[in-house]
There are 2 protein chains.
Amino acid sequence: MTEMHDVTETAANDRDVTDLVLEDILTGVLPAGTWLKQIDLEKRYDCTRPEVRRALDRLSQKRLVEHVPNRGYHVYQPDGRRAQEVSDIRVILETAVADRMVERATPESIARLRQLASHFDRMTMVGTVLEHYEANLAFHRELLLLSGNNELVDLVSEIRQRTSSAPVSQWRTRARVERSAREHHMMVDALEARDVADLKRLIEAHIRQTGDAAPAESAARQA
Amino acid sequence: MTEMHDVTETAANDRDVTDLVLEDILTGVLPAGTWLKQIDLEKRYDCTRPEVRRALDRLSQKRLVEHVPNRGYHVYQPDGRRAQEVSDIRVILETAVADRMVERATPESIARLRQLASHFDRMTMVGTVLEHYEANLAFHRELLLLSGNNELVDLVSEIRQRTSSAPVSQWRTRARVERSAREHHMMVDALEARDVADLKRLIEAHIRQTGDAAPAESAARQA
DNA sequence: GTTACCAAAATTGGCGCCAATTTAGGATAC
DNA sequence: GTATCCTAAATTGGCGCCAATTTTGGTAAC
């Protein structure tokens, strides 16, 4: 069994144990393969066994953890194929609504997105892994809200958690982080310019983490 | 509180209580708005309280039922906006992979789909609501498997359960049922003819339940 | 050093129980 | 007839407990 280390902080009462465990999985505190002992989680999150069980059941329903009868639950190993498939789905969904996002963008929403992109920049510099991750989510959620389809916004949020969009695996290098930050701003640029094709291209490159999407003049703009 | 009627059959041991409750919701036995009393479900499905609670928690996570603290759980009311949004998502996803489906279709898979379309025809005539529903799911799952993206197949299965794709609301008229049956065969025709555009058009019309998608000669083919 | 066995310790799984909360029905006042 | 109040009944929520199962560590045999 992979060992788990106790933490000293008490459970935050406004957040469910499910959220706390999920956070620790996504930030790498509970790495892939870790066996999650119920009695240890009770202590770690300062909660009762039934709460732990509910959290674990929920996470297993989301396929973040696997339940092995009579042995317990462990964090799923990364699966490259699943990750690829989830990225493909995200590309399909997010590019399909690019025209709607452009059509519905207002100066206020553009300003808001610019602000969130800058916030991500700052978290890149001074934030924790979690703050960084959450800044990224905030940006993308605000962008997707422009689609006008709430179910799609929620769905993308859900599926992102399933695989390699988790922070421990998403940004492997400093260069990748910086590129992501630039891409955020470029997406806002494309939105402002009402350039649907550019926005689609950026979204796809961003999700797949491929290519160099940066025209030189757009990069200069951030300086 | 909306009253629930007891059933006389015992729980099928190979299926989880979650599945049983879900089936009763989807087939209209437990209509929208019904309060699901834990002690009644225990009797209905011949199981223990913890099993009922787990099932209800899972269904509430899927937003099929709503949990009201200290009052219990009730089946969600239909929400037209959500239904529309889910249909939009399905159209995006399923049409996006139409080219992949055409590209990957083999004579064997086409024969299999033809068989499943015929099975749906038969269930339309002689099957129960549930058998009919499951025949539809089987057809669509087999079709989507041609995309090669398992996550997408699973995801579409999941989101279909959320709203008006449930059998109680999907087929309101005999004519609608018959059109769905015809559309299945036409999708297989398009696949066989490797006509991506036609397949996309059929898939969209099918999901939205709009229009008359039938060219006269295709309809004659089924006679 | 490796393998097999066994007992103790650790952990999971699930049930029963009861406190807390809500609902339902009857009585009373207007 | 309607509104309010009160109490008993019904139901939910959550905890403690223990049987069942697995893991761990020590010992013996090869």
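Here is the naming used below: chain letters follow the sequence lines, and residue numbers restart at 1 for every chain.
Put simply, the residue from A:Arg90, A:Glu94, A:Arg179, A:His140 that forms a side-chain hydrogen bond (donor to acceptor under 3.5 Å, both in side chains) with A:His206 is A:His140. Of the residues listed (A:Arg58, A:Gln61, A:Arg54), the one engaging B:Asp57 in a side-chain hydrogen bond (donor to acceptor under 3.5 Å, both in side chains) is A:Arg58, and it is the only one.
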Produce the list of close N/O pairs, under 3.5 Å, pairing protein atoms with atoms of nucleotides 17-22 of chain D; give distances to one decimal.
{"from": "D:dT21", "atom 1": "O3'", "to": "A:Asn70", "atom 2": "ND2", "distance (Å)": "3.4"}

For nucleotides 7-10 of chain C, list the nitrogen or oxygen atoms of the protein found under 3.5 Å from its nitrogen or oxygen atoms, one pair per line.
none

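Side-chain atoms of A:Gln115 and A:Arg112 form a donor-acceptor pair, as typed in the model, at a separation below 3.5 Å. A donor and an acceptor atom, one from each side chain of A:Asn149 and A:Ser147, are nowhere located under 3.5 Å apart.
Here the P atom of nucleotide C:dG13 and the CG atom of A:Leu41 are 13 Å apart, to the nearest Å. Rounding to whole angstrom units, NE2 of residue B:His74 and P of C:dT22 are separated by 15 Å. In this structure, the CD atom of A:Glu42 is 13 Å from the C1' atom of C:dG13, given to the nearest Å. Going from atom CH2 of B:Trp35 over to atom P of C:dT23 covers 8 Å, rounded to whole Å. The distance from atom CG of A:Asp57 to atom P of C:dT12 is 15 Å, rounded to the nearest whole Å. Rounded to an integer number of Å, the gap from CG of B:Asp40 to P of D:dA10 is 12 Å. Atom pair A:Arg54:CZ and C:dT12:P shows a separation of 18 Å (rounding to whole Å applied). In this structure, the CG atom of B:Asp16 is 15 Å from the C1' atom of C:dG13, given to the nearest Å.
The residue among B:Gln38 and A:Thr48 whose nearest nucleotide of DNA chain D is located toward the 5' end is B:Gln38.
Salt-bridge formation is not detected for the pair B:Asp121/B:Arg182: no Lys NZ or Arg NE/NH1/NH2 atom is positioned less than 4.0 Å from an Asp or Glu carboxylate oxygen. A salt bridge does not link A:Arg71 to A:Glu66: none of the charged nitrogens lies less than 4.0 Å from a carboxylate oxygen.
Using modelled atom types, no side-chain atom of B:Ser109 and backbone atom of B:Ala105 make a donor-acceptor pair closer than 3.5 Å. The backbone N or O of B:His185 sits less than 3.5 Å from a side-chain atom of B:Arg114, completing a donor-acceptor pair. With hydrogens and angles disregarded, a donor-acceptor distance shorter than 3.5 Å links the side chain of B:Glu85 to the backbone of A:Asn150.
A:His67 has no side-chain polar atom (N or O) that falls below the 4.0 Å cut-off from OP1 or OP2 of C:dT12.
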